[in-house]
Undergrad: 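Starting off with a structure, shown below.
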Amino acid sequence: ANPEAKQAEELMKSVFQHDSFRSELQKQATETVLKGQVDVFISMPTGAGKSLCYQLPSIARDGVSIVISPLIALIQDQVEHLDILHIPVETLNSKLTPKERQRVLQDLNSSKPRTKLLYITPEQAATPTFQALADTLQSRHLLSYLIVDEAHCVSQWGHDFRPDYLKLGRLRKKIPMVPCIALTATATPHVVDDIISSLKLRHPVAKFKSSCFRPNLFYDVKFMDIIEDPYLNLKEFALRALHVTAGENIKDVDWNEKGCGIIYCRKREACTEVASRLVSKGIPAKAYHAGLGLGVRSNVQSDWMEGRVPVIAATVSFGMGVDKANVRFVVHWNVPKSMAGYYQESGRAGRDGQQSYCRLYYTKQERDTIAFLIKKDCMRGRSKKNGKIEHNKSSMESFERLVKMVEEPQCRHSAIAKYFGDSPPNCDRSCDYCRNPIAVEQEWEQVQRGICA
Ligand code: ADP
Ligand code: MG
Ligand code: ZN
């Protein structure tokens with residue numbers, strides 16, 4: 001009945017070699033882009049398969065699509081992937097030899113270019129050569145789509161703001177009739193607004209946004225100050241999450257079957273302390289942080305990945321790019337610096353869809369320390385993180401939202417959803433608050449009055 005649906009299905013199988021769409025959202029987004037009638041905004045988590053939503057429509061059309069991507073490394077990954085699928089893809093960047101560049105330009109200036117997808121960085125997009133190229137493609141009606149990947153880079157409210165992304169608005173204005181597709185994994189309402197206005201997306205924009213709700217994660221918050229023995233509390237939590245019963249001998253447990261956990265700590269010393277306290281209580285655990293040698297770190301990581309040691313106490317540097325399905329719990333031993341980070345880190349639990357647990361240990365003292373650190377960063381105007389300049393416009397807000405979630409007791413899933421601009425999910429007792437709101441409120445009151453248990 002729907003020609004786009006049929007064509008999309010066929011190309012997905014024949015060219016991309018997937019059995020089916022990964023999700024209804026991926027399917028709907030791909031079909032809408034393929035129709036080519038509106039600008040499209042797509043927000044799905046990393047790994048959800050956003051690329052297909054523009055790559056498939058691009059090969060279905062006659063012309064060339066321009067894809068903006070922030071890093072040459074990311075571009076190279078995509079180019080390699082598309083090469084394998086025999087999809088004509090090219091890139092223009094500073095690393096090309098003059099000869100390669102010549103070949104690419106020759107094809108694009110020919111009457112019927114072979115190239116279907118042209119990947120470029122935002123810096124490249126702003127050059128006069130590229131602007132001229134865009135003009136000639138446009139005048140020959142050869143532009144299929146303008147695609148902006150990692151579109152959150154356009155926003156100062158995002159975590160990787162890139163000033164060059166702002167210049168894309170100008171390119172967009174040159175080619176207003178070409179459908180523009182913006183994709184990102186991180187979109188708070190502020191970021192979405194910035195993307196739509198900076199890229200001058202045409203109204204009404206078709207939006208495809210996956211929900212951030214993870215129903216298999218149970219969230220709770222514990223107040224360190226009113227817990228008599230926090231390490232004992234942690235141990236009991238870990239054993240429960242891993243389904244280790246009192247009768248079991250921990251030495252005989254197969255951790256590949258039971259699963260594993262991550263305990264995030266702010267400081268290196270805390271990682272060491274937590275790991276050794278757990279070990280002394282009989283739970284195999286190891287510390288992981290940047291202060292350890294590269295060799296030690298990679299051994300710790302493989303011990304954990306391969307199920308020899310179930311628990312890792314780590315700084316937030318651990319976990320990026322680590323994809324383990326059976327993480328049964330994630331603990332924040334210290335107050336996280338932002339709602340965004342808290343969601344991302346705790347979200348490493350339960351990737352296999354099984355029931356998993358996310359616990360946050362909170363103290364007012366730690367809250368004040370973090371607030372102080374963020375303010376200090378803000379005064380410096382910016383901070384360096386992973387070699388990139390991280391802007392702080394969003395830092396304090398993201399932290400305040402986290403504090404609010406704890407200090408104005410409420411459904412934890414709803415607090416997260418609100419931060420990401422989703423409507424409140426049906427938590428169905430998947431957090432401490434929804435399970436027992438009175439108990440949660442009483443504990444918080446107890447903390448405020450400073451009464452120890
Ligand atoms: P994102 O950009 O959302 O982070 P990608 O587009 O890079 O994700 O896709 C992540 C992985 O998922 C890729 O290896 C891709 O080939 C794969 N993938 C995408 N769509 C499907 C699908 N329908 N079926 C199976 N694998 C898919
Ligand atoms: Mg991507
Ligand atoms: Zn809830």
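Heavy atoms only: backbone and side chains are in, while hydrogens, waters and symmetry mates are out. Whatever order the structure lists ligands and atoms in, that order sets their numbers, starting from 1.
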Undergrad: If you apply the rule side chain to side chain donor-acceptor pair (under 3.5 Å), what do you find for Ser155 with Tyr165, and how did you get there?
TA: CA-CA 8 Å; Ser155 173; Tyr165 261 69; over 6 Å; no
Undergrad: Excluding sequence neighbours, so at least two apart, what forms side chain to side chain contact (heavy atoms under 4.5 Å, CB included) with Glu306?
TA: Ser302, Arg308
Undergrad: Under a 4.0 Å heavy-atom cut-off, what residues line ligand 1?
TA: His18, Ser20, Phe21, Arg22, Gln26, Pro45, Thr46, Gly47, Ala48, Gly49, Lys50, Ser51, His81
Undergrad: Is the backbone of Val33 close enough, under 3.5 Å, to the side chain of Tyr145 for a donor and an acceptor to pair up by distance?
TA: yes
Undergrad: Using modelled atom types and a 3.5 Å cut-off, is there a donor and acceptor pairing between side-chain atoms of His413 and backbone atoms of Leu217?
TA: yes
Undergrad: Spell out, as yes or no, whether a donor-acceptor pair under 3.5 Å connects the side chain of Lys50 to the backbone of Met44.
TA: yes
Undergrad: Could you pull out all residues at least two apart from Phe318 that satisfy ring pair (Phe, Tyr, Trp, His ring centres under 6.0 Å)?
TA: Tyr288, Trp304
Undergrad: What are the protein N/O/S atoms, named by residue and atom, that sit under 2.8 Å from the Zn ion (ligand 3)?
TA: Cys411 SG, Cys427 SG, Cys431 SG, Cys434 SG
Undergrad: Do we see a donor-acceptor contact under 3.5 Å between the side chains of Thr121 and Gln124?
TA: no
Undergrad: Check the orientation of Phe218 and Tyr357. Use parallel for under 30°, tilted for 30 to 60°, and perpendicular for over 60°.
TA: tilted
Undergrad: So, for Tyr342 and Tyr219, is the gap between ring centers shorter than 6.0 Å?
TA: yes
